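What follows is a single structure, written as structure tokens, with notes after it.
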Amino acid sequence: MTQRFQAPRGTQDVLPAMQPYWKAITTAAEEVTRLYGFQRIDTPVFEYAALFEKGSGDTTDVVEKEMYVFEDRGGEHLALTPEGTPAICRAYLEHGMASWPQPVRLFTTHPMFRYDRPQKGRYRQHTQVDCEILGSPDPLVDAEVIELLWRIYERLGIRNVVVRLGSIDDPEPRRTYVERLKDYYRPHLDQLSPDSQRRFERNPLRLLDSKDERDLPLKEGAPKPVETLSAPAQEHHDMVCKALEAVGINYIVDPLLVRGLDYYNRTVFEITPLDDERAQSTIGAGGRYDGLIEILGGPPTPAVGFGSGIERIILEMQRNGVELPAGHRIDAFIVHMSPSAHAVAFRLGGELRAAGIATQLGESGRSMKSQMRSANAASARLAIILGEDEVAAGTAVVKRLDTGEQATIQMADVVAQVQEAVSADPDAILQGGGSRDS
RNA sequence: GUGGGCGUAGCGUAGCGGUUAACGCGUCAGGUUGUGGCCCUGAAGAUCGAGGGUUCAAAUCCCUCCGUCCACCCCA
């Protein structure tokens, strides 16, 4: 048992039964992003590790303790993508997208890797829908990416979620804010939880979203970033709010919202379920990162974007009671009994498939009953029966599995007849599901 | 990295010191002459996560390890 291979910790197989969810999500992402003028980009699964060390910030947890880094045979220092934004910015620079019409709108679905302890909604490999708008400082595009993400969820049947919106200002005013925050906490350091004492040194902003009871009293009176914004950031934030109101997005300004990546400025947001207090319930998050492209060696280029975890979206869909049946359904199932029928069956199968008809063959040598059972299990619409008699007569028996009626027809007419029977009721094929009424 | 729960056939479970480890679902095969779904019968499938210990006897008790799930940190 222990000798048998298992998927590595924190990874998972997406089995056929779950594929409809993946398909629904990627389709929704493709369709909605198209409506917003996005184009698809695909970046490599691994990049130079330095891209993330510089871009995401080498003191962030994502880079410092979670990145899958390795050296290849040529001694290159590489990393499995831990997050998408720096990779897309790299592509923007590498391909001179600054000379495309601005802003550039890109989306992708991409696997992400983080060496983390797995738990519900957290995996070492997960997949994100990622959207970025590069080259615009306009607060309206902040609102636009939020709206876009909202619409994707809406299409997928996710209802009870809320946008938590915050602003962490620009780097300069944020530095003075962080000093104020530290001044506020400094006299009370010994009352804080050990985690928060560490946060005080490493990432003071995180003090604001501590869940530890010992930190709650102080948290209340702490200065909040959204309440002390610089004038330009305030104006920006107000405009994002107004735009979201104009399109009826359910959002709240969350003064405690901070994000773990260094490159964010001004707008930050998360979308979370309203009725789920779990830790990993955030299904999508993002923000503005006007400084990132410059950090990566490019010209100052304002940009905004988000990532949303497909695995978490699926969990949320299921919590919302969205059920997608497995779509396995076959049009025709060829039952062939005698040795003389095998080759005929095989050729007919090829002809049917060439005509666009999903066709499966029974297993050679199995009894007719067994093959009919297989036809049923495959949710076939038609069974095509080939025995010694039919082969000798140059005919086939075509049987509808829903009504049970059947007819003997000339071999030469089988493809046309099957095509007609199948196209007569296209819905049944499209819907799939293999449901049986009993 | 820290803390807690759980590990019995493909899946879900029962058994919690004592003869060949049970049940449901699933799989395969049958239920007479070439016909599915329901039903019936049968079969295959488990070194009871691994290693060690206690005992006349261990799936059942103890220890270690591994795996998994949940929470913290952090994140989608």
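Throughout, protein chains are lettered first and strands after them, A, B, ... in sequence-line order, and every chain is numbered starting at 1. All of these numbers come straight from a predicted model, not from anything done at the bench.
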As a test of your reading of the structure, name each stem of RNA chain B as range with range, where a stem is three or more consecutive Watson-Crick or G-U pairs at under 3.5 Å.
B:1-7 with B:66-72, B:10-13 with B:22-25, B:27-31 with B:39-43, B:49-53 with B:61-65

Using the ring of A/Phe269 (Phe, Tyr or Trp, six-membered ring only), decide whether A/Arg164 places NZ or CZ under 6.0 Å from its centre and within 45 degrees of its axis.
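No - A/Arg164 does not lie over the ring of A/Phe269 by the 6.0 Å and 45° rule.
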
Does A/Arg124 make a cation-pi contact with A/Tyr115, if we ask for NZ or CZ under 6.0 Å from the ring centre and within 45° of the axis?
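Relative to the ring axis of A/Tyr115, which defines the angle, A/Arg124 lies inside both limits.
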
Nearest-angstrom distance, C1' atom, B/C66 to B/A29
39 Å

Could you check whether the side chain of A/Lys65 and the base of B/C73 have a donor-acceptor pair of N or O atoms closer than 3.5 Å, going by distance alone?
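Yes, a donor-acceptor pair under 3.5 Å.
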
Is any N or O donor-acceptor pair between the side chain of A/Asn376 and the base of B/G37 shorter than 3.5 Å?
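When only heavy-atom distances are counted, A/Asn376 does not reach the base of B/G37 through any donor-acceptor pair under 3.5 Å.
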
Here's a test for you: under side chain to side chain contact (heavy atoms under 4.5 Å, CB included), which of A/Gln128, A/His126, A/Glu316 qualifies with A/Glu311?
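By the side chain to side chain contact (heavy atoms under 4.5 Å, CB included) criterion, A/Glu311 pairs with just one of A/Gln128, A/His126, A/Glu316: A/His126.
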
Using a heavy-atom cut-off of under 4.0 Å over every strand shown, decide if [X] touches base, sugar-phosphate, or nothing.
X	answer
A/Arg124	nothing
A/Ser367	sugar-phosphate
A/Arg366	sugar-phosphate
A/Ser370	sugar-phosphate
A/Gln406	base

Want to settle it: does A/Arg400 or A/Gln125 sit nearer the 5' end of RNA chain B, counting the closest nucleotide to each?
A/Arg400

Just to be sure I understand the geometry, which residues of residues 333-346 of chain A put a non-hydrogen atom under 4.0 Å away from RNA chain B?
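Those residues whose heavy atoms fall under 4.0 Å from RNA chain B, taken from residues 333-346 of chain A in numerical order, are A/Met337.
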
Flag yes if more than 12 heavy atoms outside A/Phe200 fall under 6.0 Å of its CZ atom; otherwise flag no.
yes

Is it true that atom CZ of A/Arg34 has more than 12 heavy atoms of other residues, nucleotides or ligands lying nearer than 6.0 Å?
no

Distances for protein N/O vs nucleotides 3-6 of chain B N/O pairs under 3.5 angstrom?
{"unit_1": "B/G3", "atom_1": "O6", "unit_2": "A/Arg117", "atom_2": "NH2", "d": "3.2"}

